[in-house]
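As structure tokens, the structure follows; a few thoughts come after it.
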Protein chains: 2
Amino acid sequence: MKGIRRLAKHLNISIGTVSRALNGKPDVNEETRKRVLAAAVELGYEPNQAGRSLRKGSTGAVGLMIESSPETAANSDNFFLGLIDGLQSVLSRQSLDLLVLPCPSEEDPNDYLQRMVARQLVDAMILSATQHRDPRIALLSGADIPFVTMGRAGFGDSHAWIDLDFEGVANRAIDRLVGQSHRRIAVAVPPTDVNLGSIFLDGYKTALRRHGLPFDPDLVIYAKTTEQGGYVAGDQLLGLSERPTAILLVYELMAIGLYRRLSEAQLRVGKDMAVIGFRESPRSRFLSPRLTCFRMSLHELGGSLAESLLAVMPQFQAQYPLGAVHMIWPMELVEGESDGPPGG
Amino acid sequence: MKGIRRLAKHLNISIGTVSRALNGKPDVNEETRKRVLAAAVELGYEPNQAGRSLRKGSTGAVGLMIESSPETAANSDNFFLGLIDGLQSVLSRQSLDLLVLPCPSEEDPNDYLQRMVARQLVDAMILSATQHRDPRIALLSGADIPFVTMGRAGFGDSHAWIDLDFEGVANRAIDRLVGQSHRRIAVAVPPTDVNLGSIFLDGYKTALRRHGLPFDPDLVIYAKTTEQGGYVAGDQLLGLSERPTAILLVYELMAIGLYRRLSEAQLRVGKDMAVIGFRESPRSRFLSPRLTCFRMSLHELGGSLAESLLAVMPQFQAQYPLGAVHMIWPMELVEGESDGPPGG
DNA sequence: CTGAAAGCGCTTACAG
DNA sequence: CTGAAAGCGCTTACAG
């Protein structure tokens with residue numbers, strides 16, 4: 001005999017009463033409850049999740065879907081680990097467990113998510129790596145699973161999301177560079193359909209316009225978000241007839257290749273070419289000169305994501321009356337030595 | 001009506017036959033099976049995991065326990081993401097899903113694991129961040145959950161494990177440095193009880209002995225595995241009465257602080273002080289001069305971990321007759337510019 | 001080859 | 001306040 005039945009037998013009461021006592025139902029004699037709780041500890045009882053889920057139709061767990069592809073691995077640095085800790089700090093207050101669901105790189109993300117949802121091992125989902133047209137959003141909406149996405153999609157505000165402040169960063173980076181008298185400023189964005197690329201580019205254009213600077217399509221460099229991509233971006237930069245004096249990068253991994261290419265051309269980062277990166281990461285601290293970039297708290301971002309998820313879960317809406325959150329996450333400038341006035 | 005009952009109703013057969021057809025049991029008419037499979041696709045049927053787990057007592061999922069503490073996040077770089085992709089490449093062949101279980105930093109790892117095991121959401125576990133005396137090993141052994149650990153523990157070979165080749169790396173690093181005529185070589189290890197520290201130190205001592213070099217306790221620097229720790233290690237190095245000409249680091253994060261401290265003291269890395277790191281990571285490529293270190297394939301390591309786990313799972317032992325694997329994972333030297341003969 | 005039935009461990013109306 | 005019973009969705013001996 002095992003499980004709740006064993007406990008009931010041991011205490012000589014019914015399994016119903018044991019269950020009610022364990023679950024904090026009000027209609028249980030306090031004396032009985034104490035005995036049950038003590039026996040549970042004594043016998044090391046833990047509720048079987050399968051039995052509970054089957055009966056209740058909910059799991060007490062929340063899923064975070066990530067991609068385990070080599071590209072994601074290379075670019076995410078400590079992003080997910082930091083996020084996870086923040087998520088849990090909030091979820092644990094509701095006794096919700098976080099399950100990280102890594103989509104294998106060979107599997108279609110939409111198929112994978114469908115499988116995980118059908119398995120019913122979580123009550124709600126957090127999606128990352130949101131695409132501009134992301135079929136997963138329709139999937140979850142249709143299946144009536146509460147969810148929030150890390151990153152905007154192109155569907156406007158039909159669901160809850162939090163996204164990094166790509167526009168704000170592009171704006172402030174341009175402000176800073178223009179303040180340092182730069183007039184020709186390049187920007188490096190990924191060549192793929194990923195949403196952040198176009199958002200970053202829009203912010204860049206807006207900021208130029210605000211300063212009365214012309215937009216030159218030649219200064220938009222489409223490059224892979226890798227070290228090699230940064231090297232190639234450097235190549236393109238140097239090949240331009242009228243060379244820019246500054247460049248904005250949307251991924252810090254590109255900075256290594258760019259630094260190397262510039263150094264080969266005898267150009268000093270921060271003096272002959274100003275470089276500003278996007279997110280400060282442990283990695284960017286390895287660069288010399290140190291990269292000027294933007295800081296954010298992954299822990300707090302995770303916490304906000306968790307709260308915005310709770311706000312769309314029926315069981316928790318009363319406690320988190322936020323509605324469907326649409327939030328741009330602010331980022332703070334970190335001054336490095338990688339930028340400065342043109343010509344040093 | 002939903003689930004298997006809906007399918008059965010739709011096809012006008014019993015739920016038992018539907019289940020048998022879906023699960024590939026041999027005693028089903030081929031014609032019936034085809035109809036069931038077609039209907040399953042048509043109606044978008046996916047088995048409910050709770051029902052299945054409850055009945056079968058197994059889940060078809062494997063858990064990877066990681067720590068989400070800020071320290072782990074800072075030091076792991078792409079370690080887990082890379083590992084995960086390798087794990088899945090093997091697990092998916094057995095239709096096993098991987099669930100990543102992140103232990104919150106506020107929770108005791110042993111309590112967390114106990115909770116996850118009791119929930120019965122996975123059939124087997126992979127543990128990381130193994131301690132020298134790790135109570136989780138006794139917990140899983142006692143609960144009769146198949147598991148493998150990433151990292152040795154102090155219990156010898158009572159369970160399956162794979163660990164990085166700390167001894168080999170220390171040995172080859174010393175060989176290389178001695179070959180470059182270094183005689184006084186320091187080593188930086190973490191001040192905590194983590195197993196890799198003492199293993200690395202043992203390898204270092206063995207290698208010195210092999211070259212007839214004396215072991216000087218002053219040359220063992222206990223430092224935090226952080227940027228700040230590297231800076232402090234540099235301080236200690238410079239403060240030694242007879243300054244060493246080379247140093248081995250067990251975490252590359254320390255290299256930033258060390259580089260900075262050496263630069264402040266007008267010492268050139270690779271010329272005035274040779275530095276060799278442990279694992280090559282995307283980060284170490286950000287350093288200049290580039291760090292000499294050791295390379296491994298996270299994807300292959302993940303694959304081997306998965307195979308060694310399958311080998312201890314009763315359902316898969318026949319296919320993976322490896323027994324309980326105890327494997328030291330080889331690493332390959334990557335020459336950087338951070339070491340060389342003393343004095344340049 | 002198929003159907004009817006039992007039962008995995010739990011929660012929750014329902015009666016008392 | 002407690003017990004007896006139903007049932008969540010599935011798999012699997014057992015009969016036929």
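Lettering of chains follows the sequences in order, A, B, ..., and the numbering in each one begins at 1.
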Using side-chain hydrogen bond (donor to acceptor under 3.5 Å, both in side chains), reason through B/Q88 and B/S92 one step at a time and then give a plain yes or no. CA-CA 6 Å; B/Q88 281 177 317; B/S92 65; over 6 Å; no
Using salt bridge (charged side-chain N to carboxylate O under 4.0 Å, His left out), reason through A/D134 and A/R136 one step at a time and then give a plain yes or no. CA-CA 5 Å; A/D134 202 317; A/R136 297 177 302 169; 2.9 Å; yes
Go through the steps to decide whether B/E67 and B/S105 satisfy the test side-chain hydrogen bond (donor to acceptor under 3.5 Å, both in side chains), and finish with yes or no. CA-CA 7 Å; B/E67 329 244 312; B/S105 43; over 6 Å; no
Evaluate the criterion side-chain hydrogen bond (donor to acceptor under 3.5 Å, both in side chains) for residue pair A/Y320 and A/Q94; output intermediate values, then yes/no. CA-CA 11 Å; A/Y320 294 85; A/Q94 309 297 337; 3.1 Å; yes
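Base contact: B/D27 has a heavy atom under 4.0 Å from a base atom. Heavy atoms of B/N48 sit under 4.0 angstrom from primed sugar atoms or phosphate atoms, though from no base atom.
Side chain of A/D123 to backbone of A/G60: a donor-acceptor contact under 3.5 angstrom is found. Side-chain atoms of B/S141 come within 3.5 Å of backbone atoms of B/I137 as a donor-acceptor pair (strictly under, hydrogens ignored). A donor-acceptor pair under 3.5 Å links the side-chain atoms of A/Q49 to the main chain of A/T59, judged by distance alone.
Heavy-atom distances under 4.0 Å link DNA chain C to B/I13, B/S14, B/T17 of residues 9-19 of chain B, given in residue order. Interface residues of residues 50-59 of chain B facing DNA chain C, ordered by number: B/L54, B/R55; criterion, heavy-atom separation under 4.0 Å.
Side-chain contact between B/L7 and B/L22 is present, with at least one heavy-atom pair separated by less than 4.5 Å. Inter-residue side-chain proximity for B/L101 and B/L64 is flagged as unmet; no heavy-atom pair is nearer than 4.5 Å. Counting heavy atoms from C-beta outward, A/D163 and A/W329 have side chains that stay 4.5 Å or more apart. The closest side-chain heavy-atom distance from B/V36 to B/L11 is below 4.5 Å.
Along DNA chain C, the nucleotide nearest B/T32 and the nucleotide nearest A/G3 are compared for position; the residue whose nucleotide lies closer to the 5' end is B/T32.
Checked against salt bridge (Lys or Arg N to Asp or Glu O under 4.0 Å), B/E30 has the following partners two or more places apart in sequence or in another chain: B/R33. By the salt bridge (Lys or Arg N to Asp or Glu O under 4.0 Å) test, B/E107 is found to be paired with B/R115, residues two or more places apart in sequence or in another chain being considered.
Mapping heavy-atom proximity under 4.0 Å, the span of DNA chain D touched by chain A runs 5' to 3' from D/dC1 to D/dG9.
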Please convert DNA chain C into dot-bracket. A pair counts if it is Watson-Crick or G-U wobble with both distances under 3.5 Å; crossing pairs go in [ ] and bases paired with another strand get |. |||.||||||||.|||
